[in-house]
Visitor: 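Pasting a structure below so you can have a look.
These numbers were taken from a predicted model, which means no experiment stands behind them.
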Amino acid sequence: MRMGDEPQPAPGDQPSYNGCDQGKDLRQSPGIDGDIIAKKCKPGRESEEVLRGEEDAGGQCQRPMGSERMEMRKRQMSVHQETVSSSQAQQGVGNRGSNACCFCWCCCCSCSCLTVRNQEDERTRRSSNEIRGAGIPNCEESPTPTLEDVYSWGQSFDKLMTTPAGRNAFREFLRTEFSEENMLFWMACEDLKKEANKNVIEEKARLIYEDYISILSPKEVSLDSRVREVINRNMLEPSQHTFDDAQLQIYTLMHRDSYPRFMNSAIYKNLLQTLSETTAES
């Protein structure tokens, strides 16, 4: 043996690098769920690596399987979720206790605040229906027109519109042209001008807007943008004259468009012929 040569370890003394050392520097301590924490020191390193595992029959330390790690992670997540759910449930109970009347819809159908609100809404709807129903009749009460009255209708649109019998005959004609809403709107505006009660004026103005001005209404009348802007400003403080500009525009439309056709219609001619025969027989 040469002087400088160091003794080589025997084959049986060489350390094992497959997992844990075999019989050397192996320290075990209890771990989670009865597992064993194995600590080993690799050659040439001062640090320790902690591994979860179990000791097999041969005394060797085995690495933990991936399924065991996944099960541990799932258990931790499930515990965390249960904790969060319980805290949210407790907060929900506290909110329902402090605002049970406003947020618990399953038991508030008969509570006092909703009962009062429903009663107010019902009174408002009933009042609106009564005003709308009593507004404009399907046919105005009027005496039978004379032959002179019917002749005057053909001479002036103003005379036609100032007599109930003339308006009834004109409305009958407008129904055949599917434009009766023009006459209804004009008559609603005339009715609004006669009202003096402020609350009734506001309610009637709202109904007129919903029935004849709103673009969602099936009875919407044809108005230009300028008049609509005026109405929108006037609706901030409704009065008897909120719809004056719109009423004048619809009146002009009926005068120029519908009135000439009415004079040539069968409705007007038959009425004129019937009254002429009645007058001749008498």
Side-chain angles (χ1 to χ4, degrees), residues 128-197 200-201 203-224 227-228 231 240-282:
S128 300
N129 292 334
E130 290 175 355
I131 293 176
R132 182 180 280 115
I136 302 173
N138 292 330
C139 183
E140 297 180 80
E141 295 183 1
S142 64
T144 302
T146 63
L147 184 60
E148 289 76 12
D149 291 336
V150 177
Y151 272 122
S152 66
W153 299 346
Q155 297 172 0
S156 171
F157 182 66
D158 294 337
K159 292 181 179 179
L160 172 70
M161 295 292 288
T162 54
T163 60
R167 291 194 295 269
N168 287 336
F170 192 46
R171 281 180 65 182
E172 184 180 356
F173 168 74
L174 292 177
R175 290 191 193 101
T176 64
E177 293 196 336
F178 304 100
S179 58
E180 185 186 10
E181 65 273 4
N182 291 331
M183 175 64 78
L184 295 176
F185 171 69
W186 184 87
M187 296 174 66
C189 293
E190 288 293 302
D191 181 66
L192 179 64
K193 292 177 182 178
K194 300 175 185 178
E195 190 58 56
N197 187 297
V200 177
I201 289 174
E203 183 64 21
K204 285 188 175 183
R206 184 183 65 83
L207 294 178
I208 291 173
Y209 189 93
E210 291 178 356
D211 290 342
Y212 305 109
I213 307 301
S214 173
I215 60 176
L216 301 178
S217 173
K219 297 186 294 184
E220 177 194 5
V221 296
S222 179
L223 299 171
D224 58 36
V227 174
R228 288 184 176 275
I231 293 175
Q240 298 98 322
H241 306 285
T242 297
F243 303 99
D244 283 359
D245 291 348
Q247 185 186 21
L248 177 60
Q249 190 171 90
I250 295 301
Y251 186 89
T252 304
L253 176 65
M254 291 190 295
H255 185 193
R256 294 179 179 178
D257 186 57
S258 301
Y259 175 66
R261 293 197 297 273
F262 169 70
M263 298 307 302
N264 296 321
S265 67
I267 293 176
Y268 178 74
K269 290 180 178 180
N270 292 338
L271 180 60
L272 187 62
Q273 182 179 358
T274 301
L275 291 175
S276 298
E277 294 175 355
T278 302
T279 303
E281 290 176 358
S282 60

Visitor: Starting from the C-alpha separation in whole Å, work towards a yes-or-no answer on side chain to side chain contact (heavy atoms under 4.5 Å, CB included) for Phe243 and Phe185.
Guide: CA-CA 10 Å; Phe243 303 99; Phe185 171 69; 4.2 Å; yes
Visitor: In Å and rounded to the nearest 0.5 Å, what is the OH to CH2 distance from Tyr212 to Trp186?
Guide: 13.0 Å
Visitor: Tell me every residue that passes salt bridge (charged side-chain N to carboxylate O under 4.0 Å, His left out) with Arg261, counting only those two or more places apart in sequence or in another chain.
Guide: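 Arg261 satisfies salt bridge (charged side-chain N to carboxylate O under 4.0 Å, His left out) with Glu177, Asp257 only.
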Visitor: Got a sec, which residues hit side chain to side chain donor-acceptor pair (under 3.5 Å) with Asn270, two or more places apart in sequence or on another chain?
Guide: none
Visitor: Could you measure the distance from the CD atom of Glu281 to the CD atom of Glu277? Nearest 0.5 Å is fine.
Guide: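 So the CD of Glu281 and the CD of Glu277 are separated by 7.0 Å.
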Visitor: By side chain to side chain donor-acceptor pair (under 3.5 Å), which residues pair with Tyr209, not counting sequence neighbours?
Guide: Asn232
Visitor: NZ of Lys194 to CD of Gln240: how many Å apart, nearest 0.5 Å?
Guide: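 Answer for the NZ-CD pair, Lys194 versus Gln240, is 13.0 Å.
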Visitor: Under the side-chain contact (heavy atoms from CB on, under 4.5 Å) test against Ile208, which residue among Leu192, Leu184, Thr242 passes?
Guide: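 Single side-chain contact (heavy atoms from CB on, under 4.5 Å) partner of Ile208 among Leu192, Leu184, Thr242: Leu192.
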Visitor: Would you please name every residue forming a side chain to side chain donor-acceptor pair (under 3.5 Å) with Asp244, sequence neighbours left out?
Guide: His241
Visitor: Taking ring-ring contact (aromatic ring centres under 6.0 Å, His included) as the criterion, tell me which of Phe262, Tyr268, Trp153 meets it with Phe173.
Guide: Phe262
Visitor: Decide, yes or no, whether a salt bridge links Arg206 with Glu210 under the criterion of side-chain N to carboxylate O below 4.0 Å.
Guide: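 Salt bridge present between Arg206 and Glu210.
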Visitor: Do the side chains of Met161 and Met183 get nearer than 4.5 Å, heavy atoms only?
Guide: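 A side-chain contact exists here, since the closest heavy-atom pair is under 4.5 Å.
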Visitor: Which atoms form the tightest heavy-atom contact between Leu223 and Gln249, and what is the distance?
Guide: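 Nearest heavy atoms, Leu223 then Gln249: CA-OE1, 3.2 Å.
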Visitor: Flag the pair Glu220 and Arg228 as a salt bridge only when some basic side-chain nitrogen lies within less than 4.0 angstrom of an acidic carboxylate oxygen.
Guide: yes
Visitor: Could you please spell out the steps behind the side chain to side chain donor-acceptor pair (under 3.5 Å) verdict for Thr146 and Asp149?
Guide: CA-CA 5 Å; Thr146 63; Asp149 291 336; 3.1 Å; yes
Visitor: Quick one: list whatever passes salt bridge (charged side-chain N to carboxylate O under 4.0 Å, His left out) with Glu195, sequence neighbours left out.
Guide: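 Applying salt bridge (charged side-chain N to carboxylate O under 4.0 Å, His left out) to Glu195 gives Lys204.
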Visitor: Just by modelled atom types, is the Ile250 backbone N or O under 3.5 Å from a matching donor or acceptor in the Asn182 side chain?
Guide: no
Visitor: As an exercise, state the distance from SG of Cys189 to CG of Asp245, rounded to the nearest 0.5 Å.
Guide: 10.5 Å
Visitor: I'd like to check Leu272 versus Tyr151 (side-chain heavy atoms, cut-off strictly below 4.5 Å). Are they in contact?
Guide: yes
Visitor: Kindly indicate, with the supporting measurements, whether the criterion side chain to side chain contact (heavy atoms under 4.5 Å, CB included) is fulfilled by Thr252 and Phe157.
Guide: CA-CA 10 Å; Thr252 304; Phe157 182 66; over 6 Å; no
Visitor: Just to verify, what does His255 make a side chain to side chain donor-acceptor pair (under 3.5 Å) with, not counting sequence neighbours?
Guide: none
Visitor: Leu160 and Gly166: which non-hydrogen atoms are nearest, and at how many Å?
Guide: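 Closest heavy-atom pair between Leu160 and Gly166: CD1-O, 3.3 Å.
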Visitor: Which heavy atom in Met254 sits nearest to a heavy atom in Leu174, and how many Å separate them?
Guide: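 Closest approach of Met254 to Leu174: SD-CD1, 4.2 Å.
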Visitor: Give me the atom names and distance for the closest heavy-atom approach of Leu147 to Ser276.
Guide: CD1-OG, 3.5 Å
Visitor: Given side chains that start at C-beta, do those of Thr163 and Ser142 come closer than 4.5 Å, heavy atoms only?
Guide: no
Visitor: For the CD atom of Glu140 and the CE atom of Met187, what is their distance to the nearest 0.5 Å?
Guide: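 With rounding to 0.5 Å, CD (Glu140) is 3.5 Å from CE (Met187).
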Visitor: Can you tell if the side chain of Gln247 reaches within under 4.5 Å of the side chain of Lys193, non-hydrogen atoms only?
Guide: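 Yes - at least one pair of side-chain heavy atoms lies under 4.5 Å apart.
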